[in-house]
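Every number for a ligand or one of its atoms is a count from 1 in the order of the listing.
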Amino acid sequence: MSSDQLRFPDGFLWGAATAAYQIEGAPEAGGKGPSIWDTFSHTPGKTFHGDTGDVACDSYNRYPEDIEMLKRLGVGAYRFSLSWPRIQADGRGEPNSKGLDYYNRVIDALLEADIEPAVTLYHWDLPQALQDKGGWASRDIAEAFAEYAAVAGEAFGDRVHRWITLNEPWVCANVGYRVGRHAPGLKDAAQAVAANHHLLLAHGRAVQALRSTAAGTQIGITLNLAVVRPVSKEAEDVAAEFEARQNGVYLGPLFTGGYPDRLTSEYSPAKVPGLVQDEDMTTIAAPLDFLGVNFYFPNYVDLARPDGELRRAGPGIVMVQPEGLPITAMNWLVEPSSIRELLTRVVAPVTGELPIYITENGSSWYDYVTQDGRVEDYERVSYLQGHLTAVHEAIAQGVNLRGYFAWSLLDNFEWAEGYAKRFGLVYVDFATQQRILKLSGEFFAEVTSANALPAE
Ligand code: FCB
């Protein structure tokens, strides 16, 4: 190792991540029930090109190939999610043994390969039967989620030692219930704010369920937190409002004692009469073993340049694309210093000594296969290099970051964007299901084996 390499702390956990609906396919295998994403993706006009997760990466059948790719990446952990309706077809009651068997096979094959399973209980594929009863907008969901967590803890807790209750509750509540771009496709502010609270309550109940069924394991939650940069003094208040809606509304109840005061009843469950009941805030604040953070891009607010608007993030909040920064195929800004700011300014002051994991980070580009069968995704290599350098700086500044999971192991079903947007370190030819390790995968394998970033 040359001295100009950036070394990561001993024991730093390298991983890659996926989610059930994005990779598994096999929507009816073994008696699986429909999820809200089955319904939504089959509704005309909801996804790019009408794409669905019916086949996706066929990982229900091809998980051994996925694990071969994980071995080539040299990762110590694989973050994947359980499909709730594969385990409980309608979301309640006796578990489906065929669904449990599938995940038993995956977990055993990972352990055989010396790769730690890091399991997300909920990555957006709610059983449709529960949506029919109100979904996350209904308080009963917390009880159902706790039962499901107990089923998973009992079945897998002997071998799964790292659990993530929810993936990105902000996206579930806001993209699913407020703007309707994701399943269940609702545009209803009252349901969105209710969903926000019930997601957190369900998280707290799931922590209790896992503590008793999978005692001694590591339990956390994954949030997608925002870095919002005002370009002028006047934009500061708008930036703070945006961060309160996306960060404070989760970090507050989990770590600092409640929902942010500045939010109105459109965004704060605490200001909706009857929504927050006695004991809820105590349940939600149950101590965790780690916080998972997903991060992709920074946001800028420039009130003087509404013409530069890239996308609207909510009423009264105008986001702009600063000149000179690259953007990915998703139209997401690339600015690596933002992940350092996230860890040092947004996360560490709230979490203190608690271990932090980046549970997703990555980028989408228009990848293609060359005539000699390679995928030379230099943009993704550069994104990774920049973000890992910034992550390393955050650790040097004292952030207790314990691991980094790349999004994603595979190109997969990118929700409303269908198969048009590729995030994988491994290319998937969706016509043949052939997998090709990209140049970025080779780069990541170098990083994981050296536990260091190669000198540029
Ligand atoms: C995150 C999701 C993940 C993937 C990436 C690109 O918000 O958790 O499933 O879609 O974005």
What residue and heavy atom of the protein are closest to [atom], and at what distance?
atom                   : value
atom 5 (C) of ligand 1 : Y296 OH, 3.3 Å
atom 7 (O) of ligand 1 : E168 OE1, 2.6 Å
atom 3 (C) of ligand 1 : E360 OE1, 3.4 Å

> What do you reckon, is CZ of R72 surrounded by more than 12 foreign heavy atoms closer than 6.0 Å?
Replying inline: no
Within a distance under 4.0 Å of any heavy atom of [X], pick out the atoms of ligand 1 and give their elements.
X    : result
W407 : 3 (C), 4 (C), 5 (C), 6 (C), 9 (O)
F423 : 6 (C)
W415 : 3 (C), 4 (C), 9 (O), 10 (O)

>> Evaluate E414 for polar contact with ligand 1, using N/O atom pairs at a separation under 3.5 Å.
In response: yes
> Backbone or side chain, does any N or O of W124 fall under 3.5 Å from an N or O of ligand 1?
Replying inline: no
>> Using 30° and 60° as the class boundaries, would you call the ring planes of W84 and Y148 parallel, tilted or perpendicular?
In response: parallel
> Taking the inter-plane angle between the rings of F12 and F8 on a 0 to 90° scale, is it parallel (under 30°), tilted (30 to 60°) or perpendicular (over 60°)?
Replying inline: tilted
>> For N167, which part has a heavy atom under 4.0 Å from ligand 1: side chain, backbone, both, or neither?
In response: side chain
>> Check this for me: does any side-chain nitrogen of one of R435 and E68 sit under 4.0 Å from a carboxylate oxygen of the other?
In response: no
>> With salt bridge (charged side-chain N to carboxylate O under 4.0 Å, His left out) as the test, pick out the partner of D289 among R211, R162, R402.
In response: R211
>> I'd like to know whether ligand 1 has H123 as a neighbour, heavy-atom separation below 4.0 Å.
In response: yes
>> Assess, by modelled atom type and distance only, whether the side chains of N294 and E360 contain a donor and an acceptor separated by less than 3.5 Å.
In response: yes
>> If you define the side chain from C-beta out and look only at heavy atoms, does anything of T328 sit under 4.5 Å from W365?
In response: yes
